[in-house]
Every structure is written in structure tokens, then in C-alpha cells.
Amino acid sequence: MSDQFENRIDIALTVNGEPVEARVPAGQHLVDFLRLELGLTGAHASCEHGVCGACTLRVNGDAVRGCLMLAAQADGAEIWTVEGLSDSAAFTDLQEAFVARNALQCGFCTPGMLVAAEELLSAGGVPDRAEIREHLSGNYCRCTGYEAIVDAVETVARARAGEAAQ
């Protein structure tokens, strides 16, 4: 058996508002811990190199790639997954805009895309389309061509700021 699974580390973190204590393999990635140990499968383990963004999570308020962070590095952190954000109604409007604008097709990238978009929107204000594209540039989508995704994010930003949709 690999050394990465023989060496275990105790961690305590908060996941989607709930305290979690676990003993994890030293080399286990955060996304794998969430998926395999906690059953939170919204973040997808895909490229495992931080390129595609399908594993995007919020760690202490910032969007991070769950495949690039070890579970042990999350000790003491506050983690939000797409499931937790969805359950908290933090971005129901964003989810609804993705559906209304057909900003999802196969759905594989959608959880990571939503988490990244919510990070941008949580800063407030109305980012322009170039800013939206830049912020989402680390999340790869093969199906939509991004136009509908940018439309959805822009629509929500405007609505949250009290502006009419364009």
C-alpha cells in the first residue's frame, strides 16, 4: 500500500456550516475527501491538475480547486460546496438564471461554474462581461460556448444591484 494512505492526519473543519472531524490520508485531495468521505459529489474530480475548474469549492470565502488542495490543508477551514450553497439558498437566483438562459447543457462543469460565479457576485456591484469572462476563465465548459453563462451571471449581478436586465 502507498505511503500516502498509511500516514493519516486528524483534521477539524466546517463543511457547509457543519463541524466535521476526520482522520484523513496525508495525500488525499480535498475534493476526494468531500466526495468519498462526506458524500458531497457536486464538485467533480476531473482533470486533477487544477485546469478545468470542475472541482471548485469555497474555502474561507475564496474559490479554490479542490483537486489542488489536500484535505489536511483544510484543517480549521470553512468549506462551502455547491450543495451547501444551494441548500442555504445563497444562489438560488443564479441557479434559476442558469436554467432560464440555458447556461448548462451536460451539467458537468455547472457546480464549479456556479461556485466561481457566486464568488464574483458576492463582491457586489455589476461586473462587465469582460470581468465575468475573466473571473470564470479557470472553469472549462465544453458545451455552452460561455455566452449563456456570461448572460446568466450578468443578469443576476444586475438584479442584485437593482438594475433592469438588458
Side-chain angles (χ1 to χ4, degrees), residues 11 13-17 20 24 27-75 77-158 160:
I11 61 171
L13 60 159
T14 303
V15 179
N16 297 333
V20 173
V24 299
Q28 185 176 47
H29 291 102
L30 181 56
V31 70
D32 293 327
F33 169 72
L34 295 169
R35 291 178 62 80
L36 301 173
E37 304 303 322
L38 301 184
L40 298 169
T41 58
H44 295 125
S46 183
C47 73
E48 298 183 8
H49 295 287
V51 176
C52 73
C55 63
T56 303
L57 309 160
R58 296 281 298 267
V59 178
N60 295 329
D62 295 322
V64 302
R65 302 293 187 257
C67 72
L68 296 180
M69 183 175 195
L70 297 177
Q73 290 175 297
D75 186 35
E78 181 179 33
I79 312 295
W80 284 92
T81 67
V82 69
E83 293 95 341
L85 291 168
S86 181
D87 289 347
S88 72
F91 60 19
T92 300
D93 55 349
L94 187 57
Q95 292 170 306
E96 290 172 352
F98 265 58
V99 172
R101 297 289 186 153
N102 197 29
L104 49 99
Q105 289 181 22
C106 80
F108 190 81
C109 73
T110 304
M113 195 72 73
L114 286 167
V115 171
E118 181 57 30
E119 179 193 39
L120 174 65
L121 294 174
S122 70
V126 181
D128 64 32
R129 294 179 71 82
E131 291 170 317
I132 295 168
R133 285 184 180 282
E134 175 66 27
H135 192 81
L136 298 179
S137 66
N139 291 73
Y140 187 65
C141 177
R142 293 180 176 175
C143 302
T144 67
Y146 298 96
E147 199 67 27
I149 293 169
V150 174
D151 290 346
V153 175
E154 181 182 38
T155 297
V156 172
R158 290 186 180 286
R160 288 183 184 181

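Computed from a predicted model, the values in this text were never measured in an experiment.
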(message) On a heavy-atom basis, which atom in Gly27 and which in Leu70 lie closest, and how many Å separate them?
(response) O-CD2, 3.6 Å
(message) Between Glu131 and Asp128 (side chain of the first, backbone of the second, donor and acceptor by atom type, cut-off under 3.5 Å), is there such a pair?
(response) yes
(request) Compare every heavy atom of Pro127 with every heavy atom of Ala157, then report the nearest pair and how far apart it is. (result) CB-CD, 3.8 Å
(message) Does any part of the side chain of Leu57, heavy atoms only, come nearer than 4.5 Å to the side chain of Trp80, both counted from C-beta?
(response) no
(message) How long is the straight-line distance from OH of Tyr140 back to SG of Cys47, given to the nearest 0.5 Å?
(response) 11.5 Å
(request) Compare every heavy atom of Leu136 with every heavy atom of Ala117, then report the nearest pair and how far apart it is. (result) N-CD2, 3.7 Å
(message) Main chain of Thr41, side chain of Glu83: is a donor-acceptor contact present, judged purely on distance under 3.5 Å?
(response) yes
(message) Taking CD in Glu147 as the centre, count heavy atoms belonging to other residues, nucleotides or ligands within less than 6.0 Å. Is the count above 12?
(response) yes
(message) Measuring only between side-chain heavy atoms, which start at C-beta, is Arg65 closer than 4.5 Å to Thr56?
(response) yes
(request) Look only at the side chain of Asn139 and the backbone of Gly112, and say whether a donor-acceptor pair between them is shorter than 3.5 Å. (result) yes
(message) Nearest 0.5 angstrom please: Glu118 CD to Ser86 OG, how far?
(response) 11.0 Å
(request) Answer yes or no: is there a side-chain heavy-atom contact under 4.5 Å between Val82 and Phe91? (result) yes
(message) So Leu94 and Val153, do their side chains get closer than 4.5 Å, heavy atoms only?
(response) yes
(message) Measuring from atom CG of Leu40 to atom CD1 of Ile79, what distance do you get when rounded to the nearest 0.5 angstrom?
(response) 11.0 Å
(request) Rounded to the nearest 0.5 Å, what's the gap from CD on Gln105 to CD1 on Ile149? Could you check? (result) 8.5 Å
(request) Give the intermediate values and the outcome of side-chain contact (heavy atoms from CB on, under 4.5 Å) for residues His29 and Glu48. (result) CA-CA 9 Å; His29 291 102; Glu48 298 183 8; over 6 Å; no
(request) Work out which heavy atom in Cys67 is nearest to a heavy atom in Cys55; give both atom names and the distance. (result) N-SG, 3.3 Å
(request) Working to the nearest 0.5 Å, report the span between CG of Leu85 and CZ of Arg58. (result) 6.5 Å
(request) Look at Glu154 together with Arg129 and state whether they make a salt bridge at an N to O cut-off of under 4.0 Å. (result) yes
(message) How close do Ile11 and Ala72 get, counting heavy atoms only, and between which atoms?
(response) CG2-CA, 3.8 Å
(request) State, with a plain yes or no, whether a side-chain heavy atom of Gln73 is found less than 4.5 Å away from one of Leu30. (result) no
(request) Would you please test Leu121 and Arg160 for side-chain contact (heavy atoms from CB on, under 4.5 Å) and show each step? (result) CA-CA 9 Å; Leu121 294 174; Arg160 288 183 184 181; 3.4 Å; yes
(message) Looking at every non-hydrogen atom in both residues, tell me the closest pair between Gly50 and Leu68 and how far apart they are.
(response) CA-CD1, 3.6 Å
(message) Strictly distance-based, threshold 3.5 Å: is any side-chain N or O of Arg35 a donor or acceptor partner for the main-chain N or O of Ala43?
(response) yes
(request) Measure the OG1-CG distance between Thr92 and Asp87 for me, rounded to the nearest 0.5 Å. (result) 9.5 Å
(message) Is any side-chain heavy atom of Leu114 closer than 4.5 Å to one of Phe98?
(response) yes
(message) If you define the side chain from C-beta out and look only at heavy atoms, does anything of Thr81 sit under 4.5 Å from Leu38?
(response) no
(message) Are Glu78 and Leu13 packed together at the side-chain level, in the sense that at least one heavy-atom pair is separated by less than 4.5 angstrom?
(response) no
